[in-house]
Amino acid sequence: MSQFFNGIGKIPYEGKESTNPLAFKYYNPDEIIAGKPMREQLKFALSWWHTMGGDGTDMFGVGTADKTWGESTPEARAKAKVDAAFEIMEKLSIDYYCFHDRDLSPEYGSLAESNAKLDEVVDYLAQKQKETGKKLLWGTAKCFDHPRYMHGASTSPSADVFAYTAAQIKKAIEATVKLGGNGYVFWGGREGYETLLNTDMGLELDNMARLMHMAVDYGRSIGFTGDFYIEPKPKEPTKHQYDFDTATVLGFLRKYGLDKDFKMNIEANHATLAQHTFQHELNVARVNGVFGSIDANQGDPLLGWDTDQFPTNVYDTTMCMYEVIKAGGFTNGGLNFDAKARRGSFTPEDIFLSYIAGMDAFALGYKAALKLYEDGRIEKFIADRYASWKTGIGADIIAGKMDFTKLEQYALSRGEVTDSLTSGRQEMLESIVNNVLFSL
Ligand code: XUL
Ligand code: CO
């Protein structure tokens with residue numbers, strides 16, 4: 001097998017005192033943490049689209065990084081991408097990867113030909129997985145870049161486009177199942193609208209649900225036992241994406257009876273675009289029993305678009321992992337780096353340096369989150385704050401023993417309630433977080 005990164009060896013864990021840029025300072029893959037090796041707790045995944053395909057092209061300029069992998073034909077490039085990806089995963093101690101069908105193998109002249117070429121790459125991936133033990137976290141289909149999807153895929157006004165979408169997703173689910181993936185993602189793509197002046201939103205939403213039901217039926221019929229995910233995002237590429245945020249998606253899933261098969265794939269930068277914190281989205285998913293997986297990245301708070309930066313904000317990774325711990329850890333999901341090195345970070349080393357930055361930020365965040373959880377002050381504060389629901393009138397309300405008339409009687413006899421209000425202590429709690437974070 002050819003090596004693509006000859007100058008870079010396996011990235012070692014050297015600890016926090018190390019100044020070697022090509023070493024982990026916090027991510028120690030085999031260190032046992034909360035009963036499992038760190039690599040199993042964090043379940044890092046490489047994103048095929050950014051890492052193997054993204055060359056820095058943006059609206060103002062062409063690519064800056066060479067992602068041709070030394071090949072000029074699409075077939076040879078697809079195979080070289082596999083070799084290069086497995087080399088990156090091996091050297092970075094990343095156990096999982098995620099793909100869109102067209103990241104693995106592009107579109108050819110017809111759907112049948114595209115399918116046949118995709119099969120070849122999937123067979124090669126299966127062989128590489130067997131040789132290396134690397135795994136597929138989730139698969140998805142790129143139903144948004146080809147011009148046929150200009151008005152959406154399952155929400156296109158064209159029924160033919162709906163049919164094409166179904167065919168493409170059928171194949172992507174087959175590839176996911178063949179590679180043993182435990183997740184299949186629906187990210188909105190162009191499922192949304194630009195103007196309501198040309199849009200039948202009711203029909204589009206019904207159709208989106210129709211397609212998802214078909215996906216579930218087909219996936220289960222070919223032995224997919226994992227989770228289907230929706231990845232909420234409020235805008236971009238369309239002005240209004242139907243999968244706006246977790247709460248919106250929950251309403252959709254429940255309305256259409258999809259909530260038993262779908263969970264959320266929460267992306268940090270998408271949360272920011274929805275004017276939520278990353279933690280908010282994770283929390284909404286957790287308390288509603290639909291937390292699934294994470295697209296790890298970060299946005300720029302001053303920009304209104306999806307910058308997909310590698311996550312380095314440890315405060316955010318800490319609060320993210322705090323939610324993951326409270327959700328009971330990952331089951332089928334994991335931490336997929338839906339992140340790209342900046343356009344100016346164009347060298348092969350930048351791939352490694354950016355993953356090291358993101359992985360260390362999550363390892364550190366996980367350690368801090370565990371410490372925060374074990375410290376117990378935050379959890380105790382929350383429990384105490386709601387103590388009035390454990391006994392007396394609160395317990396009676398929860399037990400369903402009360403109604404408006406009885407509550408009115410209670411309120412009349414109880415009188416004013418100010419004496420049962422306590423401070424929210426936000427500043428004290430924020431300082432506890434700092435205390436735990438910076439005494440690591
Ligand atoms: C787009 C995005 C996608 C999904 C997979 O914003 O996040 O890459 O993660 O389709
Ligand atoms: Co994403």
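Both counts, for ligands and for their atoms, begin at 1 and track the order of listing. The chain is numbered in sequence order, starting from 1.
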For residues Tyr355 and Phe44, establish whether the separation of their ring centroids is below 6.0 Å. no
What atoms in ligand 1 come closer than 4.0 Å to a heavy atom of Asp306? 6 (O)
The single option from Leu136, Thr140, Leu46 passing side-chain contact (heavy atoms from CB on, under 4.5 Å) against Phe99: Leu136
Taking the six-membered ring for Trp, are the ring centroids of Phe252 and Tyr256 within less than 6.0 Å of each other? yes
If you compare all heavy atoms of Leu92 against all heavy atoms of Phe24, which two are closest, and at what distance to 0.1 Å? O-CZ, 3.5 Å
Any N or O on Asn265 sitting closer than 3.5 Å to an N or O of ligand 1? no
Shortest-distance N, O or S atom of Asp295 relative to the Co ion (ligand 2): OD2
Under 6.0 Å between ring centres, would you say that holds for Phe5 and Phe352? yes
Taking atom 5 (C) of ligand 1 as the reference point, the nearest protein heavy atom with its distance: His100 NE2, 3.3 Å
Is Lys367 close enough and on-axis enough to Tyr26, meaning under 6.0 Å and within 45°, for cation-pi? no
Find, among atoms of Glu231 that are N, O or S, the one nearest to the Co ion (ligand 2), and state its name. OE2
May I ask you to check if ligand 1 and Trp138 share an N or O to N or O distance below 3.5 Å? no
Heteroatom proximity flag, His270 to ligand 1, N/O under 3.5 Å: yes
Atom name of the N, O or S atom of Glu267 nearest to the Co ion (ligand 2) is OE1
Between Glu174 and Lys170, does any side-chain N to carboxylate O distance fall below 4.0 Å? yes
Ligand-side contact atoms (ligand 1) for residue partner Trp49, heavy atom cut-off under 4.0 Å: 8 (O), 9 (O)
Could you list the atoms of ligand 1 found under 4.0 angstrom from a heavy atom of Asp295? 9 (O)
Only N/O/S atoms count here: what is the atom of Asp338 closest to the Co ion (ligand 2) called? OD2
